[in-house]
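To start, the structure itself, in structure tokens.
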Number of protein chains: 2
Amino acid sequence: MSVVSLDTAGGDGKVHDQVYDALADALIKGQIPPLNPVSLRTLAANLGVSPMPVREAVRRLIAEKALELQASNKRLRVPDLTEKRVLQLMKAREWVEPELAALATPRMTKDAIRRLRDDDAKLMKALSSGDVGGYMQANQDFHFCIYAQADADLFYDLARTLWLQVGPFMRVVFGRLGTVQLPKDHHQDMIAAFESGDPEAVRVSMQADVREGMEMMLDVIRSRAEPEPKRRRAQSK
Amino acid sequence: MSVVSLDTAGGDGKVHDQVYDALADALIKGQIPPLNPVSLRTLAANLGVSPMPVREAVRRLIAEKALELQASNKRLRVPDLTEKRVLQLMKAREWVEPELAALATPRMTKDAIRRLRDDDAKLMKALSSGDVGGYMQANQDFHFCIYAQADADLFYDLARTLWLQVGPFMRVVFGRLGTVQLPKDHHQDMIAAFESGDPEAVRVSMQADVREGMEMMLDVIRSRAEPEPKRRRAQSK
DNA sequence: GCGCGTATATTGTGATCACATCGACGCCGC
DNA sequence: GCGGCGTCGATGTGATCACAATATACGCGC
């Protein structure tokens with residue numbers, strides 16, 4: 001059984017869109033590790049469709065850099081992240097996501113804020129029980145609940161694209177660090193800033209939240225640069 | 001004869017990439033007006049390939065929002081720009097492009113700066129002779145010569161995506177305003193800032209350049225909102 | 001002459017087939 | 001036992017076919 005599966009909700013949407021959603025969801029949740037090879041036919045078989053719609057979904061994900069097609073190899077896989085790349089992703093996230101949050105501030109409804117509290121509660125619970133998947137899900141829900149309020153589709157999609165690229169690596173980060181010493185996240189401050197309707201306070205909270213998360217990832221990237229010198233014939237499993 | 005054509009340079013590259021490049025080039029140069037419908041089979045016929053690689057290229061361009069697939073209509077076309085969308089594009093461009101320019105500053109070679117002067121000269125010439133196509137080409141060359149030096153592929157691609165979206169509309173802008181009262185562009189200031197190696201000066205010049213161009217586009221968008229009340233049976237051509 | 005319904009053509013979508021290329025496995029010879 | 005080499009399988013890519021849905025054009029009836 002693969003980590004990807006179709007919605008199977010009413011056959012209305014185009015198949016390649018369902019395939020895209022399934023893959024994007026798996027990627028953004030970190031269910032597909034970096035460097036993991038993916039093949040059209042295998043995916044198609046797992047999803048019970050022909051390779052055709054998978055090709056279109058994959059083409060779209062390649063355009064968003066959520067997948068890559070090795071030039072020499074011509075094999076399809078989840079891209080690895082270099083330090084240079086992470087730095088760019090960090091800068092980009094530090095720009096769009098505070099921007100989205102600031103735009104959302106005057107549009108935040110009582111209901112949305114309630115959902116925010118709810119997501120944050122789920123997040124804390126997952127954190128204390130060591131549920132990585134639950135944590136990532138709750139964190140994603142929290143952030144995108146905000147972004148959806150911003151009424152800025154272009155920025156929203158940009159943020160989604162960025163998350164698509166960092167998603168696979170978040171799982172790696174948690175694998176190294178565990179959910180124990182995670183961040184004191186800034187969700188509480190952010191919620192308070194939303195309630196007082198202060199866009200600038202929201203902005204700084206969001207930026208701090210993004211920055212700290214990405215710096216954690218940066219540390220992991222850097223720490224894995226040298227510490228595995230040779231490791232001949234010492235494969236795991 | 002269509003405005004799109006293949007490179008026909010050695011059959012090395014994948015066909016769908018050539019198709020993508022051809023379409024992207026036509027779009028970024030504004031050779032395909034907004035709301036212009038395109039069809040897979042027509043494009044395929046014009047390019048002398050099967051509809052298959054065209055589908056992949058188009059799928060990629062849809063992901064980049066350079067094309068859109070009308071939900072109801074299910075017809076493929078170049079997206080129109082709303083004011084809200086232009087404002088987001090402006091904000092995004094005002095962030096990435098100065099960022100790219102600042103990153104490029106310490107990496108600017110003598111040769112690159114020479115090319116910048118060359119492009120700017122071509123730009124001025126095209127401007128005085130009213131050559132819209134030449135102006136857009138020279139302006140594109142100028143900007144992306146800078147961005148290529150930044151060594152920041154993620155930002156570079158983001159800038160490309162944004163240009164892909166504004167491209168079709170630039171031609172519309174020129175159609176309304178002509179090349180006459182174009183901007184005093186900030187290219188000279190920018191080149192000077194590059195030579196003195198001042199990233200902040202480069203940043204402000206680039207931001208001013210982008211901002212003024214986009215404000216021009218914004219004016220056109222706003223001015224076309226109401227001024228054509230009915231205009232029944234007054235089709236051009 | 002004009003409106004409306006039908007027929008035709010064209011559209012995007014999905015499936016299937018054909019092919020060149022590359023990796024992996026296994027066999028043979030040393 | 002082990003290295004080189006050939007075969008087989010899998011991969012992405014492209015072409016062609018089939019199909020449902022829609023826009024467009026034509027013609028009939030009023």
Side-chain angles (χ1 to χ4, degrees), chain A residues 2 4 6-23 32 35-79 232-233 235 237, chain B residues 2 4 6-23 32 35-79 232-233 235 237:
Chain A
S2 174
V4 305
L6 256 46
D7 242 356
T8 69
D12 55 318
K14 299 287 174 229
V15 180
H16 68 256
D17 277 322
Q18 299 180 26
V19 174
Y20 172 85
D21 288 338
L23 280 172
I32 309 181
L35 297 184
N36 191 288
V38 175
S39 95
L40 298 183
R41 288 175 174 83
T42 303
L43 278 176
N46 284 126
L47 296 174
V49 299
S50 93
M52 201 66 213
V54 180
R55 280 167 68 173
E56 308 205 19
V58 162
R59 185 64 57 192
R60 193 169 151 196
L61 288 165
I62 292 177
E64 297 175 325
K65 300 184 197 325
L67 290 179
E68 75 176 353
L69 198 54
Q70 311 181 66
S72 57
N73 213 348
K74 73 183 344 175
R75 233 79 174 183
L76 196 61
R77 68 177 187 184
V78 179
R232 278 194 190 284
R233 70 190 57 202
Q235 74 271 13
K237 181 174 175 188
Chain B
S2 176
V4 305
L6 257 46
D7 242 356
T8 70
D12 55 321
K14 300 288 174 229
V15 180
H16 68 258
D17 277 323
Q18 298 180 28
V19 174
Y20 172 84
D21 287 338
L23 280 172
I32 310 181
L35 297 185
N36 190 288
V38 287
S39 93
L40 298 182
R41 289 176 174 82
T42 304
L43 278 176
N46 284 125
L47 296 173
V49 299
S50 91
M52 202 64 217
V54 181
R55 279 166 69 172
E56 310 205 17
V58 162
R59 186 63 56 191
R60 193 170 152 194
L61 288 165
I62 292 176
E64 298 175 324
K65 300 183 198 324
L67 290 179
E68 73 176 357
L69 198 54
Q70 312 180 68
S72 58
N73 211 347
K74 76 183 338 176
R75 233 76 175 181
L76 197 60
R77 69 177 184 184
V78 179
R232 279 194 189 283
R233 71 189 57 205
Q235 76 269 15
K237 177 182 176 187

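Naming convention: chains lettered A, B, ... in sequence-line order (proteins, then strands); numbering from 1 in each chain. What's counted below: heavy atoms across the whole structure, side chains too, no hydrogens, waters or symmetry copies. Since the model is a prediction, treat every value here as computed from it, not as a measurement.
Residues that satisfy the salt bridge (charged side-chain N to carboxylate O under 4.0 Å, His left out) test with A:Asp17, not counting sequence neighbours, are A:Arg60. The side-chain contact (heavy atoms from CB on, under 4.5 Å) check on A:Pro79 picks up A:Glu68, with sequence neighbours excluded.
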Checking side-chain hydrogen bond (donor to acceptor under 3.5 Å, both in side chains) for the pair A:His16/A:Arg55: CA distance, chi angles, key distance, verdict?
CA-CA 8 Å; A:His16 68 256; A:Arg55 280 167 68 173; over 6 Å; no

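Counting heavy atoms from C-beta outward, B:Gln70 and B:Arg77 have side chains that approach closer than 4.5 Å. With contacts defined as side-chain heavy-atom distances shorter than 4.5 Å, the pair B:Val58/B:Leu40 qualifies.
We find the CG-NZ distance between A:Leu69 and B:Lys14 to be 8.5 Å, quoted to the nearest 0.5 Å.
Between A:Met52 atom CE and D:dG12 atom P the separation is 13 Å, expressed in whole Å. Nucleotide D:dT22 holds its P atom 13 Å from the CD atom of B:Gln70, rounded to whole Å. Summarising the geometry, the separation between CZ on A:Arg77 and P on D:dT11 is reported as 16 Å, rounded to the nearest angstrom. Rounded to a whole Å, the CD atom of B:Glu56 is 8 Å from the C1' atom of D:dG14.
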Which protein N or O atoms sit under 3.5 Å from an N or O of nucleotides 7-12 of chain C?
unit_1	atom_1	unit_2	atom_2	d
C:dT11	OP1	B:Ser39	OG	2.9
C:dT11	OP1	B:Thr42	OG1	3.1
C:dG12	OP1	B:Val38	O	3.4
C:dG12	OP1	B:Leu40	N	3.4
C:dG12	OP2	B:Leu40	N	2.9
C:dG12	N7	B:Arg41	NH1	2.7
C:dG12	O6	B:Arg41	NH2	2.9

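For a distance-only test at 3.5 Å, the side chain of B:Arg55 qualifies as a donor-acceptor partner of the base of C:dG14.
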